[in-house]
Amino acid sequence: MFITLLILLIIAVVVIFAVKNIRMQLITRPVFSFFKKVLPPLSDTEKEAMEAGDVWWEGELFKGKPNWQMLHSYGKPALTSDEQDFINNQVQTALSMIDDYDIVSNRKDLPPELWEYFKKEGFFALIIPKKYGGRAFSAYANSTIVSKIASRSVSAAVTVMVPNSLGPGELLTHYGTTEQKDIWLPKLADGQAIPCFALTGPEAGSDAGAIPDTGIVCREEFNGEQTLGLRLNWNKRYITLAPIADVLGLAFQMHDPDGLLGEQKQIGITCALIPTDHPGVEIGRRHDPLHLAFMNGTTQGKDVFIPLDWIIGGPQYAGRGWRMLVECLSAGRGISLPALSTALGHMATKTTTAYSAVRQQFGMPIGQFEGVQEALARIISNTYQLEAARRLTTTGIDLNVKPSIVTAIAKYHMTELGRNVIDDAMDIQSGKGIQLGPKNYLGNAYIALPISITVEGANILTRSLMIFGQGATRCHPYVLAEMEAAGMEDKAAGLERFDSLLTGHIGYAARNGFSAFSHAVTGSLFASSPVSGETKRYYKSMTRLSAALAIMSDMSMLMLGGDLKRKEMLSARLGDVLSQLYLASATLKLFEDNGRQFEDLPTVKHVMATRLHLAAKALDEAIRNFPNRIVAGLLRVLIFPLGNHFNQADDKQSIEVVNSMSSPGPARDRLTFLCPDIDNDASGIADVERAFVAKYECKELFVRMKQAQKEGSLARKLAPQALFNSALEIDLISKEEHQQLVVANELRLAAINVDDFEAL
């Protein structure tokens with residue numbers, strides 16, 4: 001009897017879905033009506049943001065069954081010979097000219113010779129095409145250059161990165177008219193014109209689409225002729241390079257109340273390029289961003305008239321500014337700000353691994369204390385994660401895609417990881433980090449990090465509104481198309497289109513629900529992996545979590561509809577799942593790109609345990625806070641039927657990470673190369689590195705003396721110099737070895753000492 005009922009049920013389901021008329025009446029029409037009711041209304045700004053940019057690897061992660069071979073096919077980022085030569089020569093020279101303490105504490109500006117060198121050598125022209133005198137470097141090279149400079153001075157790095165990110169150079173390159181490019185790009189390339197871009201104002205920060213600044217279409221006299229143009233009024237703040245800018249990129253709302261251009265009155269956000277010496281343009285007073293030295297300030301304009309052809313891209317680009325900005329945000333969000341955080345990670349790893357080896361307390365290096373090792377392991381693994389994400393994100397940009405969701409993930413999570421790294425470095429280096437002076441390499445980095453957190457869209461809103469808010473719709477294989485079908489003016493055509501999508505969507509949801517459940521109960525045993533070995537299990541676990549995210553997202557959009565974007569905590573947690581999967585993907589790809597180095601495995605395992613734990617935790621919390629408790633119960637059965645067993649890295653893993661980086665070598669070099677050695681370095685980094693290397697080279701001598709102390713032939717608790725002298729007296733070490741130890745100790749003392757000054 002049961003078998004008969006089951007067969008009848010299967011037949012009924014097949015008939016309902018296979019016979020179109022029945023399916024339309026019983027399934028499609030009711031769902032279509034429901035979908036239109038819960039459909040989240042999109043503002044014009046949201047619609048433009050949805051349409052701008054591309055879906056890239058994040059789309060695979062959202063589908064529930066990522067194509068891991070696609071991830072590996074993206075290739076390994078590499079520098080061209082021109083890019084490598086520039087880094088080896090011009091960048092290295094620039095680093096030798098940087099004294100961050102002098103820049104920040106004394107000058108409040110870069111020294112004139114550094115400004116001139118940046119201009120002359122094309123540091124402000126990294127993204128400008130060669131035909132205009134630029135260098136046309138890749139996103140990876142741009143990121144690497146900014147990172148290396150940031151490892152010595154955030155102020156200098158910001159000065160270089162701004163002309164090479166969102167602003168006139170990038171906008172002109174992508175959208176400018178031939179005449180605009182011919183006039184401005186050569187000047188920007190050789191440093192004749194310093195650019196800035198004015199977007200943020202007192203009433204429009206993260207909600208850049210709400211800018212109140214206006215441009216009214218009108219006719220006025222310009223260069224002796226009646227000219228069709230714009231009367232602009234603006235008030236902007238937080239504009240980097242504004243105090244010294246020669247040309248101003250400006251975003252404003254364009255209106256045509258008199259219909260001089262046509263019937264459309266509200267044209268929308270538009271971008272124009274204006275010389276700062278143009279009548280009416282006012283460059284205001286300078287800001288003081290956390291006492292750093294990069295130029296930042298205000299600009300205003302009252303009834304400033306410009307001709308229409310000063311619109312970037314010409315009059316045909318009127319009203320297209322928001323899309324232009326969203327598509328070009330990849331530079332600031334995906335290259336520049338992540339580059340700063342990655343650089344600080346490299347610097348923190350280099351200095352803290354060294355400092356914890358040479359700084360002693362209670363008769364032993366502080367790096368041997370487990371409490372220090374726990375924080376040091378986080379520094380190392382977070383830096384590996386930062387480098388991995390930097391490479392994967394710039395790879396996407398260099399593939400000529402505009403991955404707006406990926407760059408939002410990079411901006412939010414990489415700046416937060418950078419903050420965590422510097423916090424841990426400050427905890428370990430303690431007094432060395434808080435006493436500002438020429439030898440302090442951590443202090444200004446610590447001070448600077450909140451700037452990265454707040455600019456290019458505040459992190460809180462990027463996490464809670466953008467990553468999942470746009471990602472769920474953009475990355476989902478059906479939802480955006482279903483929304484478009486529901487919004488079609490031809491209702492019959494919309495219903496027909498919706499019907500064709502709905503069948504696929506139901507199958508997609510069923511597959512993901514089954515995958516999430518089956519992988520959960522089998523420990524992902526039957527999930528696919530593109531590799532064998534110790535990282536295979538991570539690919540399998542990520543496939544499970546990808547399926548869980550897909551079914552969780554479908555249920556969230558189905559049950560909450562337009563209310564989902566107002567459930568910011570839920571949306572943020574689902575965004576966290578997508579973000580952690582992206583970061584984990586980057587980690588596995590870096591491991592493959594580096595040739596699966598055995599020495600890197602402890603760090604990779606630590607990173608992956610952290611990413612999977614955080615992804616599962618976000619899913620768990622999303623289920624726990626899901627508004628509909630019945631649906632929440634169903635989701636828990638599907639996603640965590642046996643409970644959540646994705647644990648953080650354990651103590652043993654942390655100790656293994658620290659041990660793998662406790663000596664000079666290739667593994668450490670791979671995580672510190674963005675903080676290069678400089679012969680005349682005055683920052684204190686060279687001091688601690690020299691002490692680290694010198695002590696390591698004395699390693700066997702210290703082992704010999706330690707054994708002698710255990711045997712009683714050498715006294716315990718001797719000061720270093722007394723210990724060396726005693727070892728020499730009993731012929732435990734030679735005179736040459738004694739001198740080697742003395743020099744190493746002198747270097748150690750130089751490394752742990754801090755700056756002091758005359759009393760004020």
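Throughout, residue positions are numbered sequentially from 1 according to the sequence presented.
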Nearest 0.5 angstrom please: [X] [atom1] to [Y] [atom2], how far?
X      : Y      : atom1 : atom2 : value
Ile98  : Ile678 : CD1   : CD1   : 7.5 Å
Leu570 : Glu621 : CG    : CD    : 11.0 Å
Leu578 : Cys475 : CG    : SG    : 6.0 Å
Thr415 : Ile453 : OG1   : CD1   : 4.0 Å
Arg419 : Ser341 : CZ    : OG    : 10.0 Å
Ile194 : Met295 : CD1   : CE    : 11.0 Å

Among side-chain atoms of [X] and [Y], is any donor-acceptor pair under 3.5 angstrom?
X      : Y      : result
Thr214 : Gln253 : no
Gln580 : Asp576 : no
Asn142 : Asn164 : no
Tyr441 : Gln429 : yes

With a 4.5 Å limit on heavy-atom distance, are the side chains of [X] and [Y] in contact?
X      : Y      : value
Trp56  : Leu392 : yes
Thr298 : Gln300 : yes
Asp102 : Arg107 : yes
Phe197 : Cys271 : yes
Arg320 : Thr270 : no
Leu376 : Ile428 : yes
Lys432 : Ile752 : no
Phe137 : Leu79  : no

May I ask you to check whether over 12 heavy atoms, not counting those of [X], lie within 6.0 Å of atom [atom1]?
X      : atom1 : result
His291 : NE2   : no
Leu399 : CG    : yes
Tyr175 : OH    : yes
Phe86  : CZ    : yes
Lys108 : NZ    : yes

Side chain [X], main chain [Y], donor-acceptor under 3.5 Å:
X      : Y      : value
Gln92  : Asp677 : yes
Asp213 : Asn235 : yes
Thr454 : Ile451 : yes
His287 : Asn296 : no
Asp54  : Pro403 : no
Thr352 : Thr349 : no
Asp755 : Lys439 : yes
Lys350 : Cys675 : yes
Ser430 : Met426 : no
Asp681 : Ala686 : yes

Could you pull out the closest heavy-atom pair between [X] and [Y], with the gap in Å?
X      : Y      : result
Ala448 : Leu292 : CB-CD1, 3.3 Å
Ile397 : Ala139 : CG2-CB, 3.7 Å
Ile103 : Ser153 : CD1-OG, 4.3 Å
Leu185 : Gly169 : CD2-O, 4.1 Å
Val421 : Leu386 : CG2-CD1, 4.3 Å
Trp184 : Pro275 : CZ2-CG, 3.9 Å

task: Check the pair Thr393 / Tyr582 against side chain to side chain donor-acceptor pair (under 3.5 Å), numbers first and verdict last.
output: CA-CA 10 Å; Thr393 304; Tyr582 175 76; 2.8 Å; yes
query: Can you list the steps and then say if Asp100 with Ser683 is a side chain to side chain donor-acceptor pair (under 3.5 Å)?
result: CA-CA 7 Å; Asp100 195 48; Ser683 69; over 6 Å; no
message: The test is side-chain contact (heavy atoms from CB on, under 4.5 Å); show your working for Leu674 and Ser151 and say whether it passes.
response: CA-CA 7 Å; Leu674 291 176; Ser151 74; 5.6 Å; no
Does the distance from a Lys or Arg side-chain N to an Asp or Glu carboxylate O, for [X] and [Y], drop under 4.0 Å?
X      : Y      : answer
Lys236 : Glu282 : no
Arg390 : Glu387 : yes
Lys120 : Asp190 : no

message: As a quick check of understanding, evaluate side-chain contact (heavy atoms from CB on, under 4.5 Å) for Val162 and Cys196, giving each step before the final call.
response: CA-CA 8 Å; Val162 168; Cys196 71; 5.9 Å; no
query: Yes or no on side-chain contact (heavy atoms from CB on, under 4.5 Å) for Leu188 and Ile128, after CA distance, side-chain angles and deciding distance?
result: CA-CA 8 Å; Leu188 293 172; Ile128 294 175; 3.7 Å; yes
- request: Give the C-alpha distance, both sets of side-chain angles, the deciding distance and a yes or no for side-chain contact (heavy atoms from CB on, under 4.5 Å) between Met161 and Ile149.
  value: CA-CA 10 Å; Met161 84 184 195; Ile149 297 171; over 6 Å; no
field: Test side chain to side chain donor-acceptor pair (under 3.5 Å) applied to Glu83 and Ser138, step by step
entry: CA-CA 8 Å; Glu83 292 167 346; Ser138 64; 3.2 Å; yes
task: Evaluate the ring planes of Phe673 and His346, with Trp represented by its six-membered ring, and classify them as parallel (under 30°), tilted (30 to 60°) or perpendicular (over 60°).
output: perpendicular
